[in-house]
Trainee: 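After the structure tokens below, expect a handful of questions from me.
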Amino acid sequence: MRLSHSLVPTLKEIPAEAQIASHRLMLRAGLVRQTAAGIYAWLPAGLRVLTAIGQIVREEQNAAGAQEMLMPTIQSAELWRTSGRYDAYGPEMLRLKDRHGRDLLYGPTNEEMITDIFRSSVKSYRELPQNLYHIQWKFRDEVRPRFGVMRGREFLMKDAYSFDLDYEGAVVSYRRMMLAYMRTFQRLGLKAIPMAAESGPIGGNLSHEFIILAPTGESAVYYDAAFEKNDYMGDAFSHDSPADLERFFALMTGSYAATDEKHDAGAWADVAEKREGRGIEVGHIFYFGTKYSEPMGLSVAGPDGRSVAPHMGSYGIGVSRLVGAIIEASHDEAGIIWPDSVAPWRAAILNLKSGDATCDALCESLYAKFAGQALYDDRAERAGAKFADADLMGHPWQIIVGPRGAATGMVELKRRASGERVEMPVDAALAKLL
RNA sequence: CGGGGCGUGGCGCAGCCUGGUAGCGCGCGUGUUUUGGGUACACGAGGCCGCCGGUUCGAGUCCGGCCGCCCCGACCA
């Protein structure tokens, strides 16, 4: 993208309504604009980040054998009456009526819907297990939206639903999702820790929430240093091996980790390498058995011919919340520091002297080679303004092209995270980044 | 939902107490200047002062109602 003709409205001053770092930076870097309390429009740069995060989530869900689908945002009240949640859910649920006076709702989650869809087609235990997910906008009418996209009313969420014949199978599905989550967060450049959690309004008795470490996080966390050292991406654990998943689960639950609410001073005393920090919840997984399959009449024929209610679980990741959470975990005074995996562009090309024939030509040729993966700052701005905006927007790399070096085919490469700047020939810079 | 605060050019704010024709900084446009960390100067564009009603000769300012947004708390992916 050429910055001169792009909607990336960066702000020098801090908007009055934004209190926390990620919210301020998302507004200042031109990622989002608020359109109503807790509701945001995603501008081009912000959407690219949202899409990048969604793609990593998608790849890891697929790798774990989950199937992507897409369910609607609007649901019928009828469906929610079958589980009893239409009345139970409370004012957090946004309720609507269509022109015929029928009760509808903007979905806060999709257990009823997936159960309904699943029961109409799946009739035999031979078709289990299955896991279905979608990445869709949800709405929860929070009493008090705040912290920008971290606690919005409308939010993008990945939610998956597993169906197994019995408890033993459901536990394997649950552990598999846990592994997928740890891999997802690692790829997003985050340190994540699963913590035993209350199952909340969704119900059930096996539940973990995933906290990512960020200095400005909402709650204090206490954990074993082991969590900082684990690598989930190699082939130490396979999604296809129940034994691997059991070992993985033991690793995750064997070390101490708790938020301040559940902190246990006694158990904490025994932890060899203690770590304290702050964290943000970005995911939550539940096993809830037959809570929905039973009342909603989802059953399949078992091996003995008798019908059984499948055991279910649901698994959420707050995709839009992650944008804010990543910024909370990765920023400095100058702006955002995007991890390479989610940056809107791999690099920004800073033309320090737009209009200079040598600089222009060099930048154009660089820009073409990136094939859409670079943001070209071709504005008629001063060098200082371009540096400031590039730092604010957090591009992992800046390719600085100035008249000084351009004449001899030299550019400067700046790594946003470290601040390190190295001058090198154009080809060397390209080789490093492409 | 309880408590508090704020709505004035795109952004950040002053003006309101003590009514009298709307101002500052940034940003934006034009020109000159400058040219590797938000350059300087000049000129210029841009405002139903959140909305509705009331008081008054006159309302951004006073009174009433409404709407919106933010903060603290309770609550949550």
Side-chain angles (χ1 to χ4, degrees), chain A residues 7 9-20 23-24 27-28 30 33-39 57 89-93 107-111 135-160 181 197-202 207-212 218-219 259 261 280-286 314-325 333-335 350-356 359 377 379-392 398-406 410-412 414 419 421 423:
Chain A
L7 185 65
T10 56
L11 265 24
K12 195 190 282 189
E13 295 185 83
I14 302 170
E17 75 267 19
Q19 300 298 312
I20 62 165
H23 191 193
R24 291 175 168 190
L27 292 169
R28 287 193 56 215
R33 283 292 110 104
Q34 178 167 303
T35 64
I39 302 179
V57 169
Y89 215 91
E92 270 209 337
M93 183 153 76
T109 178
N110 288 69
E111 280 83 5
I135 299 175
Q136 177 63 292
W137 292 94
K138 306 282 194 295
F139 197 94
R140 285 183 196 170
D141 199 0
E142 295 280 347
V143 204
R144 191 187 155 207
R146 61 183 124 174
F147 306 145
V149 300
M150 297 259 287
R151 177 116 177 250
R153 291 194 293 174
E154 189 184 47
F155 56 97
L156 187 63
M157 181 173 166
K158 185 284 302 183
D159 42 323
Y181 274 37
E198 305 292 351
S199 47
I202 293 181
S207 170
H208 284 85
E209 55 187 31
F210 292 79
I211 307 284
I212 62 126
E218 61 212 343
S219 49
T259 57
E261 292 145 8
I280 300 168
E281 183 185 352
V282 291
H284 206 148
I285 60 179
F286 306 89
S314 75
Y315 315 89
I317 290 182
V319 176
S320 49
R321 168 180 277 201
L322 271 166
V323 179
E333 319 72 49
L350 307 192
N351 187 343
L352 296 192
K353 195 168 185 182
S354 295
D356 175 273
C359 287
D377 191 346
R379 297 173 302 170
E381 286 291 338
R382 310 211 12 146
K386 296 191 179 191
F387 288 136
D389 273 344
D391 286 348
L392 174 62
Q398 295 171 21
I399 306 175
I400 300 161
V401 179
R404 230 159 51 193
M410 299 290 279
V411 297
E412 209 169 350
K414 174 177 171 178
R421 295 165 70 138
E423 194 171 21

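As a basis for the values below, the full set of heavy atoms in this structure was taken, side chains included, without hydrogen atoms, waters or symmetry mates. Chain A is the first sequence line, chain B the second, and so forth, proteins listed ahead of strands; every chain is numbered from 1.
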Trainee: Hey, which of these two, A/Ser320 or A/Thr35, hits RNA chain B nearer its 5' end, going by closest nucleotide?
Mentor: A/Thr35
Trainee: Provide the distance between the two C1' atoms, one in B/rG46 and one in B/rC1, to the nearest whole Å.
Mentor: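 Nearest-Å result for B/rG46 against B/rC1 at atom C1': 41 Å.
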Trainee: On a whole-Å scale, what distance lies between the C1' atoms belonging to B/rU56 and B/rG19?
Mentor: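 Comparing C1' positions in B/rU56 and B/rG19 gives a spacing of 9 Å.
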Trainee: Could you tell me which residues satisfy salt bridge (charged side-chain N to carboxylate O under 4.0 Å, His left out) with A/Glu142, sequence neighbours excluded, listed by chain and number?
Mentor: A/Arg151
Trainee: Taking salt bridge (charged side-chain N to carboxylate O under 4.0 Å, His left out) as the definition, give me every residue that meets it alongside A/Arg421, ordered by chain and number, with sequence neighbours left out.
Mentor: A/Glu412
Trainee: Please say which of A/Asp141, A/Ile39, A/Val149 ends up in a side chain to side chain contact (heavy atoms under 4.5 Å, CB included) with A/Glu154.
Mentor: A/Ile39
Trainee: Please measure how far the P atom in B/rG15 lies from the corresponding atom in B/rG50, and state the result in whole Å.
Mentor: 15 Å
Trainee: According to ring pair (Phe, Tyr, Trp, His ring centres under 6.0 Å), who are the partners of A/Phe147, at least two apart in sequence or on a separate chain?
Mentor: none
Trainee: Using the P atom as the point on both nucleotides, what is the distance between B/rU39 and B/rG27, in whole Å?
Mentor: 7 Å
Trainee: Between the protein and nucleotides 45-47 of chain B, are there any N/O to N/O pairs under 3.5 Å, and if so, what are the atom names and distances?
Mentor:
none

Trainee: Between protein and nucleotides 30-42 of chain B, map the contacts as a letter string: B base, S sugar-phosphate only, - none, heavy atoms under 4.0 Å, written 5' to 3'.
Mentor: ----B-BBBB---
Trainee: Distances for protein N/O vs nucleotides 1-6 of chain B N/O pairs under 3.5 angstrom?
Mentor:
none

Trainee: Would you please name every residue forming a side-chain hydrogen bond (donor to acceptor under 3.5 Å, both in side chains) with A/Glu281, sequence neighbours left out?
Mentor: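 Once residues adjacent in sequence are excluded, the partners of A/Glu281 under the side-chain hydrogen bond (donor to acceptor under 3.5 Å, both in side chains) criterion are A/His284.
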Trainee: Work out how far the P atom of B/rC63 is from that of B/rU18, and round it to whole angstrom.
Mentor: 10 Å
Trainee: Any donor-acceptor pair under 3.5 Å joining the side chain of A/Arg151 to the base of B/rC75?
Mentor: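 Indeed, a donor on one side and an acceptor on the other fall under 3.5 Å apart.
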Trainee: Nearest whole angstrom, please: distance from the C1' of B/rC76 to the CD1 of A/Ile211.
Mentor: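 Spelled out: CD1 on A/Ile211 to C1' on B/rC76 is 13 Å.
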Trainee: Tell me, please, which residues at least two apart from A/Arg28 pass salt bridge (charged side-chain N to carboxylate O under 4.0 Å, His left out).
Mentor: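 In terms of salt bridge (charged side-chain N to carboxylate O under 4.0 Å, His left out), with neighbours along the sequence ignored, A/Arg28 is linked to no residue.
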Trainee: A/Lys414: which residues meet the salt bridge (charged side-chain N to carboxylate O under 4.0 Å, His left out) condition with it, sequence neighbours left out?
Mentor: A/Asp391
Trainee: Return no unless some side-chain N or O of A/Gln34 is found under 4.0 Å from OP1 or OP2 of B/rC70.
Mentor: yes
Trainee: Sequence neighbours left out, what passes side-chain hydrogen bond (donor to acceptor under 3.5 Å, both in side chains) with A/Glu209? Give chain and number order.
Mentor: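 None.
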Trainee: Sequence neighbours excluded, which residues qualify as side-chain hydrogen bond (donor to acceptor under 3.5 Å, both in side chains) partners of A/Asp377?
Mentor: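 Once residues adjacent in sequence are excluded, the partners of A/Asp377 under the side-chain hydrogen bond (donor to acceptor under 3.5 Å, both in side chains) criterion are A/Arg379.
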Trainee: Using atom P of each nucleotide, how far apart are B/rA77 and B/rC62 to the nearest Å?
Mentor: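 44 Å, rounded to whole Å.
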Trainee: So, using ring pair (Phe, Tyr, Trp, His ring centres under 6.0 Å) as the criterion, who are the partners of A/Phe210 when residues are at least two apart?
Mentor: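 Listed in chain order: A/Tyr181, A/Phe185.
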